[in-house]
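Notes follow the structure.
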Number of protein chains: 2
Amino acid sequence: MASDVATEPQAHGASSSNLIRVLEDDILSGALRPGDRLDEQALARRFSVSRTPVREALRHLASSGLVEIRRNQGAMVRSLTTGELVEMFQVLAEMQGLAARLCARRMSRSKVKELRQLNEACERYADRDEHVQFFAANTEFHDAIERGAQNSFLMEENAKLAKRLRAYRWHMTFQPRRMSNSVEEHFRIVEAIERGDEEAAHKLMRAHVDLLAGSATDVLIALEAKING
Amino acid sequence: MASDVATEPQAHGASSSNLIRVLEDDILSGALRPGDRLDEQALARRFSVSRTPVREALRHLASSGLVEIRRNQGAMVRSLTTGELVEMFQVLAEMQGLAARLCARRMSRSKVKELRQLNEACERYADRDEHVQFFAANTEFHDAIERGAQNSFLMEENAKLAKRLRAYRWHMTFQPRRMSNSVEEHFRIVEAIERGDEEAAHKLMRAHVDLLAGSATDVLIALEAKING
DNA sequence: GCCCGGAAAAGTGTGTGCACTTTTTCCTCG
DNA sequence: CGAGGAAAAAGTGCACACACTTTTCCGGGC
């Protein structure tokens, strides 16, 4: 999305936790594409460490779902089928729905005001067709809702899922009318939260996030082709 | 819950994936209690392997949330605060709610019938106050709903969470009237699914699973906010 | 030309050693 | 007797070596 430093040799002293971050960035930014093999020895050379920390990093990425490890066959960047994507969006939609519900129950007036302002930022960028800024503002809006839910566990799970789906959400930003629709949907969600209407907040947020609601499966399929190869 | 083979020395040849299972069992069965330290070398001796596979197993358990690893300080069985528990039950409730919703949308008549039979099994055990069998039957009922949702990702996430919360659900089985209440709630859920009422199925299931469906959670959070400023 | 078997190459799984960090112990000083 | 601090002990992080598995490649038989 931003910097393209990926795949370059790394400086020395990269330790396990750094490794994880760099590899994760490479995968999420698309420098490493789904299906790419992750050779332990090659990575060890690239990062100037031994295979041990590389293995640990790969295991970690595997359990967060970004790579797939098969016994004696090494690791590869996990690729998602359209079906899996739809499933994941369905779950994400529900969790964000829960977050919105909790906001409706717990959010202070001043926080709601901040939320509204975040959406107004989205609106400005949508009006000017500035996708990059809109994407950032949109992310901030959703983050604010997750924080407002005051459920750390929910926030972490949401973050994990959102991370894995980030690339797809990014591409969706470019769908015609998607940005202005989003702003409108955000607006209704804020309203529901403001009047403490849990059911409405939940329902609106779910519909907002759930791809299927907009029958966008075709988009997904197109994206899949683009991203996977 | 069942066999008490834990903490005994293990036969040779236990490889990484076995290790994970055994350690997991030890933690989930309570043989290893929250806060217990997991010494790599001790475990290596106990399983007659070197530290390397032990480390991998511990890393894996860490990322599934069962143990906590701090750099240079080893691993310990993770203990959950009341707050975390409430948060996790809230998320589990929502996900099971989604599963119920999808069942209402997708489940065939014959599958609904099976579901009803599973709940009738629950009812029999509840009537006779047989907690162990009830717990098993209850688990089967919920598993059937997860399968019925036909969303593999949701099923996996549910399974992970349910695993971590299993011990607590077990204890809840012994709450007075809990079993008969469960049966009644199950019954209403099955009815909602049968008539395809997504909203009702979702709502009923969420209430069924959420520990503190009442407002206790919010009181807690309000208090915390007050105390912490 | 194609298929098949076997050896070589490549790559992962695990054992072991050493450096570095954290914890404990124990001695000294107030 | 308690507090502070250095040295020893214990334990983790990483490098490296070797065994075993999987893959690749090549030559012979059909």
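Proteins come first, then strands; the chains are lettered A, B, ... in the order of their sequence lines, and each starts at number 1. Treat the numbers as computed from the prediction; the structure is a model and nothing was measured.
Residue whose closest nucleotide on DNA chain C sits further toward the 5' end, between Arg51(B) and Glu56(B): Glu56(B).
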Might you work through the salt bridge (charged side-chain N to carboxylate O under 4.0 Å, His left out) test for Glu157(A) and Lys160(B), ending with a clear yes or no?
-> CA-CA 12 Å; Glu157(A) 294 297 306; Lys160(B) 269 193 243 170; over 6 Å; no
Verify side-chain contact (heavy atoms from CB on, under 4.5 Å) between Asn151(A) and Gln90(B), making sure each step is shown before the conclusion.
-> CA-CA 9 Å; Asn151(A) 180 322; Gln90(B) 217 163 22; 3.0 Å; yes
When you look at His186(A) and Asn138(A), which way does the side-chain hydrogen bond (donor to acceptor under 3.5 Å, both in side chains) test go after all the steps?
-> CA-CA 9 Å; His186(A) 287 179; Asn138(A) 182 55; 3.1 Å; yes
Please assess Gln150(B) against Arg106(B) for the test side-chain contact (heavy atoms from CB on, under 4.5 Å), listing each intermediate value before the final yes or no.
-> CA-CA 8 Å; Gln150(B) 299 182 49; Arg106(B) 299 173 175 170; 3.9 Å; yes
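Following rounding to the nearest Å, Asp39(B) (CG) and dT24(C) (P) show an atom-to-atom distance of 13 Å. Separating the CZ atom of Arg70(B) from the C1' atom of dT22(C) is a distance of 12 Å, rounded to the nearest angstrom. As rounded to whole Å, 18 Å separates atom P of dA10(D) from atom CG of Asn72(B). With rounding to whole Å, Leu58(B) atom CG is found 14 Å from dG11(D) atom P. Between the C1' atom of dG11(D) and the CZ atom of Arg45(B) lies a distance of 11 Å, rounded to the nearest Å. Atom CD1 in Ile69(A) sits about 11 Å away from atom C1' in dT12(C), given to the nearest Å. Distance Glu40(A) CD to dA15(D) C1': 14 Å, rounded to the nearest Å. Rounded to an integer number of Å, the gap from CE of Met76(B) to P of dG11(D) is 15 Å.
Regarding contacts with the backbone of dG13(D), a side-chain N or O of Arg59(B) is found under 4.0 angstrom from either OP1 or OP2. Contact annotation: Gln73(A) reaches the phosphate of dT23(D) (side-chain N/O to OP1 or OP2, under 4.0 Å).
Among all heavy-atom pairs drawn from Met76(B) and Gly35(B), the shortest one is CE-O, 3.2 Å.
Closest approach to the Arg71(B) side chain among dT12(D), dG13(D), dT12(C) is made by dG13(D) (side chain taken as heavy atoms from C-beta onward). Nearest nucleotide to the side chain of Thr52(A), out of dT22(C), dT12(C), dC14(D): dC14(D). Residue Pro53(A) has its side chain nearest to dC14(D) when only dG13(C), dC14(D), dG11(D) are considered. Nearest nucleotide to the Ser50(B) side chain, out of dT16(C), dA17(D), dG13(D): dT16(C).
The residue Gln41(B) sits close to a base: some heavy atom pair falls under 4.0 Å.
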